[in-house]
Amino acid sequence: MASGEDEPPFCYLTTTGRVSARPHRIEIWFATAGGRVYLLSGGRDHADWVRNLVVSPDVTLELGDRVGAARARVVEEGTEEDALARRSILEKYRPGYGGDLTSWGRTSLAVAVEWVGT
């Protein structure tokens with residue numbers, strides 16, 4: 001799926017609880033670029049879902065009608081991939097969002113998710 005208007009407004013990410021070992025499902029904004037799905041965590045590495053995927057990177061991704069196994073990782077800050085993730089998400093959501101996403105886009109932690117077996 002290419003990034004843009006044909007994408008759903010959000011996806012669902014299910015991580016495995018690092019303490020409970022139970023599934024934790026969140027709804028989150030995303031963008032696709034370069035065959036990856038990118039997410040931004042405003043809570044950075046304090047967000048439970050990020051802390052979960054650092055311990056167990058095997059996740060379930062639901063994107064439109066597609067549901068499947070994926071692997072998630074924190075993107076190294078300051079890299080070209082980090083810039084791509086931020087730019088892709090801001091370009092997708094800024095036009096329809098009533099507020100200012102600049103600070104969120106600059107300070108959030110970028111996460112990359114890749115489908116497994118495709």
Side-chain angles (χ1 to χ4, degrees):
M1 177 177 291
S3 184
E5 294 179 16
D6 58 334
E7 291 183 342
F10 49 81
C11 69
Y12 293 94
L13 181 75
T14 302
T15 60
T16 301
R18 65 196 175 284
V19 175
S20 70
R22 293 175 52 189
H24 293 271
R25 184 174 182 250
I26 62 166
E27 178 180 279
I28 191 165
W29 282 359
F30 76 97
T32 58
R36 294 185 179 97
V37 176
Y38 289 106
L39 317 170
L40 289 180
S41 171
R44 300 195 47 85
D45 59 357
H46 299 292
D48 281 333
W49 66 273
V50 174
R51 293 169 71 191
N52 289 345
L53 70 82
V54 166
V55 171
S56 180
D58 294 321
V59 299
T60 300
L61 183 63
E62 300 172 55
L63 184 56
D65 293 335
R66 186 172 181 188
V67 178
R71 273 188 81 77
R73 63 180 167 77
V74 173
V75 174
E76 185 177 340
E77 291 189 81
T79 62
E80 288 182 27
E81 184 180 29
D82 183 51
L84 173 64
R86 294 170 194 284
R87 183 175 59 252
S88 298
I89 291 172
L90 289 175
E91 286 175 359
K92 179 177 179 179
Y93 292 101
R94 185 176 279 141
Y97 187 75
D100 184 4
L101 296 174
T102 305
S103 177
W104 173 76
R106 185 180 63 251
T107 61
S108 294
L109 184 68
V111 171
V113 184
E114 295 181 70
W115 297 101
V116 173
T118 58

Does a side-chain heavy-atom distance below 4.5 Å link [X] with [Y]?
X   : Y    : result
R51 : T15  : no
D45 : V54  : no
E77 : L109 : yes
L90 : W104 : yes
F30 : V113 : no
I28 : C11  : yes
S41 : V74  : no

If you look at every heavy atom in [X] and [Y], which pair is closest and at what distance?
X    : Y   : value
L61  : A70 : CB-CB, 4.2 Å
K92  : P8  : NZ-O, 3.0 Å
V111 : V75 : C-CG2, 3.9 Å
S108 : G42 : OG-CA, 3.5 Å

Pair W29 + Y97: ring centers closer than 6.0 Å: yes
Starting at [atom1] of [X], measure out to [atom2] of [Y] and round the result to the nearest 0.5 Å.
X    : Y    : atom1 : atom2 : answer
R106 : L101 : CZ    : CG    : 12.0 Å
S88  : R36  : OG    : CZ    : 11.5 Å
L13  : L63  : CG    : CG    : 11.0 Å
T107 : R86  : OG1   : CZ    : 7.5 Å

E114 bridged to R71 by N-O distance under 4.0 Å: no
E27 atom CD, over 12 foreign heavy atoms within 6.0 Å: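 Yes - once you tally the heavy atoms of other residues, nucleotides and ligands closer than 6.0 Å, there are more than 12.
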Set of residues satisfying side-chain hydrogen bond (donor to acceptor under 3.5 Å, both in side chains) with respect to R18, sequence neighbours excluded: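 If we apply the side-chain hydrogen bond (donor to acceptor under 3.5 Å, both in side chains) test to R18, skipping adjacent residues, the hits are D48, N52.
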Residues forming a side-chain hydrogen bond (donor to acceptor under 3.5 Å, both in side chains) with E81, sequence neighbours excluded: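 With sequence neighbours excluded, E81 shows a side-chain hydrogen bond (donor to acceptor under 3.5 Å, both in side chains) to Y38, R73, given in chain and number order.
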Heavy-atom donor-acceptor pair, R44 side chain to V50 backbone, under 3.5 Å: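 Side chain of R44 to backbone of V50, a donor-acceptor pair under 3.5 Å: no, none is there.
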